Amino acid sequence: MTTPTSGVAGDVKDLALAPRGKARIAWAEKDMPVLRQIRERFEREKPLAGLRISACLHVTTETANLAITLKAGGADMVLCASNPLSTQDDVAASLVADYGIPTYAIKGEDDETYYRHIATALDHQPQMTMDDGCDLVTTLHKSRPELLPNVIAGTEETTTGVIRLRSMRQNGVLRFPVLAVNDSDTKHLFDNRYGTGQSTVNAVIRATNLLLSGRTLVVAGYGWCGKGVASRAKGLGANVIVTEVDPVRAIEALMDGFRVMPMLDAARVADIVITVTGDINVLDRAHLAALKDGAVIANSGHFNDEINIPALEALATQGHQTVKDFVEEYTFADGRKVYLLAEGRLVNLAVAEGHPASVMDMSFANQALGAEYMLKSAAGLEPQVYTIPAEIDREIARLKLKAMGATIDTLTPEQEAYLSAWESGT
Ligand code: ADE
């Protein structure tokens, strides 16, 4: 464990990286005007005074701005990584050295270190958890139940985490109320769609430098993330195929102009496959075995189990080797080569820098205002999964719209009366 010269605890790769991290945190801040306004109010009002928060998030420039905002609001916070490959080491260093926020995160950490960092974040005895993918909350419930009585509430960032929380609730094991930030309109409609869309395509290009134009690119899953990836890839000229299990989403994909087919058929013609389903073994052994020579496969879902990597290793009887950063070449018995990006971990954060600050501005405005809301309301809440009140969601949208320089109309009194009346007809 690092003993930083700043005197603040933490475990980061190298504190000497802090100046670069600080400059990059400031760069992201420029594109986070909503979070900035919240931070300025938090500085004055200290709504989170003394609240112990343990946050398990991707340690990026945008997350740094959230952590700084929570600290400005008076929170006593620690941060650990929510994925072994998503940490930006310079940011982690700056959080410790420049902002006095204990941070436990090293890019490329092994699973043992990843869970040790989560355990250290829990040693903080959180009164509030802030999670992305639910690893902090599940570890707390499974391994540290003695800490549960301290916890007033939590927040959860992502689709996968919210699915796990709802399962905990249904199984009667969830012990405190959690806000599903992902359910806010100002989160999933923008972060999942435009954020995942752009950052995933950016990551595939950064890793491979392939020209997407004219290539067949398969997107597995047509939720908000899949919609974003498919539309951005189409914009770059890729010939996009969507695979789905949900008939309604499959129709949406068809009507958005994409071909839809089962994965086994798609795998046979794919140049690139990107999984964004949140489910396991979406690219399973039979699909992997059907891939063409030279196919590139990547995952942008939260966990690294969407591609069956043990099956890929078993198929690669001629071995595998790293051919460039984040690109692993697997050679099958018949000589075909398949390229796995970023060990099947979420490619947009492992290879690129995650979602741009402009969308994380709204996601993290939800986190900051959500923490304030949960603290105020927790006494009246059950151990369930909650959604942020619509007024907070709309207020974030209003602030973002204003920051984007756009104005909109308001209802006239006549229109308001019309909308609330039932009597009028043709
Ligand atoms: N999830 C996706 N992109 C992110 C980012 N830039 N920062 C934190 N979490 C993210």
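Read the numbers this way: they start at 1 and go in the same order the structure lists the ligands and their atoms. Along the sequence shown, the residues carry numbers beginning at 1. Only this structure's heavy atoms are used, side chains among them; waters, hydrogens and symmetry mates stay out. What you see is a predicted model, and the numbers here were worked out from it, not measured in a lab.
- Donor-acceptor pairing under 3.5 Å is recorded for the side chains of Asp98 and Ser94.
- Among protein residues, His58, Thr60, Glu62, Thr63, Leu349, Glu353, Gly354, His355, Met360, Phe364 come within 4.0 Å of ligand 1, judged on heavy atoms.
- Under a cutoff of 6.0 Å and an axis angle of 45°, Lys71 and Tyr99 do not form a cation-pi pair.
- Remark: aromatic rings of Phe176 and His141 are close, center separation under 6.0 Å.
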Sequence neighbours left out, cut at 3.5 Å: what donor-acceptor pairs do the side chains of residues 398-408 make with other protein atoms?
| residue | atom | partner | partner atom | Å |
| --- | --- | --- | --- | --- |
| Arg398 | NE | Glu395 | OE1 | 3.2 |
| Lys400 | NZ | Ser358 | O | 2.8 |
| Lys400 | NZ | Asp361 | OD2 | 3.0 |

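- For the residue pair Asn83/Tyr114, the side-chain donor-acceptor check at 3.5 Å is not satisfied.
- At a threshold of 4.0 Å, the pair Arg164-Glu156 does not count as salt-bridged, since none of the basic side-chain nitrogens sits closer than that to a carboxylate oxygen.
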